[in-house]
Asker: 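Handing you this structure, nothing more for now.
What you see below is based on every heavy atom in this structure, not just the backbone, and it leaves out hydrogens, waters and symmetry mates. We name chains A, B, ... by the order of the sequence lines, and we start the count at 1 in each one.
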Amino acid sequence: MIRTEFLCKSFGNLKVLNDISTEIRKGEVVAILGPSGCGKSTLLRCLNLLETPTRGRVYINDVEITNPKTDVNKVRQNMGMVFQHFNLFPHMTVLQNVTYGPIKVKQMPKGQAQELGMAQLHVVGLDEKADVYPSRLSGGQKQRVAIARALAMQPGVMLFDEPTSALDPEMVKEVLAVMKGLVNSGMTMAIVTHEMGFAREVADRILFLEGGGIAEDAPPSVFFTAPKSERAQQFLEKVL
Amino acid sequence: MSDDWLYNVSITPLSVLAQGAGLVLDFSRIRENIPFILQGVPVTLSFSIVSALFGFTWGTVLSIFKISNILPLKLLADLYTSIFRGTPLILQLALIYFATPQLTGITPTPFQAAVVTFSLNSAAYSSETIRGGIMAVDRGQREAAMTLGVKYPTMMWDIVLPQAFKNILPALVNESIALLKDSALVSTVGALDLMRRGQVVAAEKFIFFEPLMIVAVIYYVLVMGLTFVAQQLERRMRKSD
């Protein structure tokens, strides 16, 4: 589904990603972990070209999106993304946020888009908030709307960039519950997170990044009990 | 000796000056001219509205040039702004009104020449304001639209510009007020706007204070009206907060 080959990203002289070659298969849930500054968010953002890789290739369903001839917008329609700071459109109501993509990008008729939008809001448990503006929502509710907005494009894969890091502790749970529902529905997911318990519970694979490279690629049962790399051991000692 | 006159004037009591100038206000003397002056309101208003509309539209285009990564467009927009900000408005007006016939053989009406000048000029100023407004919109907004697969022009129009304009509305109101008042400059090329009509009446009746006072009050009322409309607009735009 997603494949990277020798992916490198530098910001000026700062090398953030160094030769990342990995793969996320269809239906797989991959949690990307690592100390801050290790490049995990950058890796995620390279997958839909929010960051342009300095070198290397990214394939989505065997289409090379790093090829300048590829219509990135077309590819992005199939990749939902959820941000740390929600990034809801503040001048649109909740329902308008959710239906914006289907209407503007997929040219879906408004009525049909609203039906779809309401269905997605139901999935995240926010049907009754359809007509309010994002400023009236709590952080957790905002993030759930953001998830609904991404899902309304009916993507084949969902990317989560620290979806609970900006939330108050009591709101983390409701967002994780929605994400767990997605996992159970068989969605392909890549999740950058600091929620170790969540990663351990839902991920099929853990990618542990360190210094811009993959230091460990293992199922959670192995990663959390018997990590091979010294850096991963230190990391786990600190966070668990 | 040579600067005696200066000395004299500075010590002349105001009351004497006023008497000398005959400062006895008598608005009844120009009562019959008031309809003539009021006919300047639609001229001044339509002139300001058309100029603001063209100016802000062109200013938006320029601001998008300025933030684009196409270097020639960026340079063009910067050069444009520097020229229109770097020369007096009244000179630009004179150039466009008097020099255009010489260059092209087309003689614009005073109204046309003034609309063109004021649009071009206010575009230069507002493009900077709008650029600032666009840059102040959180980058995440753009990214969220991009990840939905929204194309750049649609994203600008639906997501970035509405938020930018909401933030810079007070600055644009300032710009509009300046435009409304600066429009008095069109009187210099003979358009019969409020200012010019005041001057015409003054010249006809040989009294200055009364017609100019009336014109001043009308300008003030117009600016207050504009301010009120802008406040209503701002309130409406803030409903999502």
Side-chain angles (χ1 to χ4, degrees), chain A residues 41 44-45 47-52 65 71-94 96-107 131-137 142 145-147 149-155 157-161 166, chain B residues 56-57 60 63-64 67-71 73-74 129-173 229-241:
Chain A
S41 281
L44 197 73
R45 290 161 60 83
L47 299 182
N48 61 0
L49 294 195
L50 279 187
E51 303 288 356
T52 315
I65 62 167
D71 180 2
V72 183
N73 284 327
K74 197 88 199 160
V75 177
R76 282 181 181 146
Q77 288 177 35
N78 193 37
M79 306 175 78
M81 186 158 191
V82 175
F83 301 86
Q84 180 178 1
H85 296 288
F86 332 127
N87 297 348
L88 293 177
F89 306 131
H91 58 304
M92 299 182 184
T93 64
V94 164
Q96 283 167 344
N97 263 279
V98 177
T99 56
Y100 179 74
I103 291 173
K104 280 297 161 105
V105 178
K106 290 191 162 174
Q107 267 83 43
D131 294 320
V132 307
Y133 284 96
S135 57
R136 295 255 179 276
L137 301 179
K142 282 180 190 165
V145 172
I147 293 172
R149 176 175 67 177
L151 288 177
M153 291 299 284
Q154 295 165 311
V157 55
M158 287 283 282
L159 310 176
F160 290 86
D161 188 2
Chain B
F56 293 161
T57 308
T60 307
S63 68
I64 288 170
I67 57 164
S68 82
N69 38 25
I70 307 164
L71 193 65
L73 288 182
K74 226 169 159 163
T129 312
I130 298 165
R131 185 179 68 90
I134 291 174
M135 312 252 287
V137 174
D138 183 51
R139 198 175 59 139
Q141 293 290 309
R142 247 161 283 187
E143 290 181 349
M146 278 158 79
T147 55
L148 292 173
V150 180
K151 291 192 175 71
Y152 183 84
T154 318
M155 171 193 82
M156 273 314 225
W157 186 254
D158 287 340
I159 308 297
V160 177
L161 285 178
Q163 295 181 55
F165 273 98
K166 181 174 145 184
N167 292 334
I168 60 172
L169 191 66
L172 287 183
V173 171
V229 170
Q231 276 169 353
Q232 297 305 309
L233 190 66
E234 196 170 341
R235 194 167 301 166
R236 251 189 60 185
M237 289 179 95
R238 297 243 171 261
K239 74 172 194 271
S240 61
D241 287 353

Asker: Just one of A:M81, A:K104, A:M153 clears the side-chain contact (heavy atoms from CB on, under 4.5 Å) bar with B:L148, so which one?
Answerer: A:M153
Asker: B:T147 and side-chain contact (heavy atoms from CB on, under 4.5 Å): which single residue from A:L49, A:N87, A:L50, A:L159 fits?
Answerer: A:L50
Asker: Between CG of A:N73 and NZ of B:K151, what distance do you get to the nearest 0.5 Å?
Answerer: 6.0 Å
Asker: With distance as the sole test, does B:Q141 use its side chain to make a donor-acceptor pair with the main-chain N or O of A:L88 at under 3.5 Å?
Answerer: yes
Asker: With a 4.5 angstrom heavy-atom cut-off, could you sort out which part of B:R139 is near chain A: side chain, backbone, both or neither?
Answerer: side chain
Asker: State the CZ-CG distance between A:F86 and B:D138, to the nearest 0.5 angstrom.
Answerer: 12.0 Å
Asker: Please look at A:R149 and chain B and tell me whether the side chain, the backbone, both or neither of the residue comes under 4.5 angstrom of a heavy atom of that chain.
Answerer: both
Asker: Between B:I159 and A:M92, is any pair of side-chain heavy atoms under 4.5 Å apart?
Answerer: yes
Asker: Looking at every non-hydrogen atom in both residues, tell me the closest pair between A:F89 and B:A144 and how far apart they are.
Answerer: CE2-CB, 4.0 Å
Asker: Between A:H91 and B:M237 (side chain of the first, backbone of the second, donor and acceptor by atom type, cut-off under 3.5 Å), is there such a pair?
Answerer: no
Asker: Just wondering, are more than 12 heavy atoms of other shown residues or ligands nearer than 6.0 Å to CZ in B:R238?
Answerer: yes
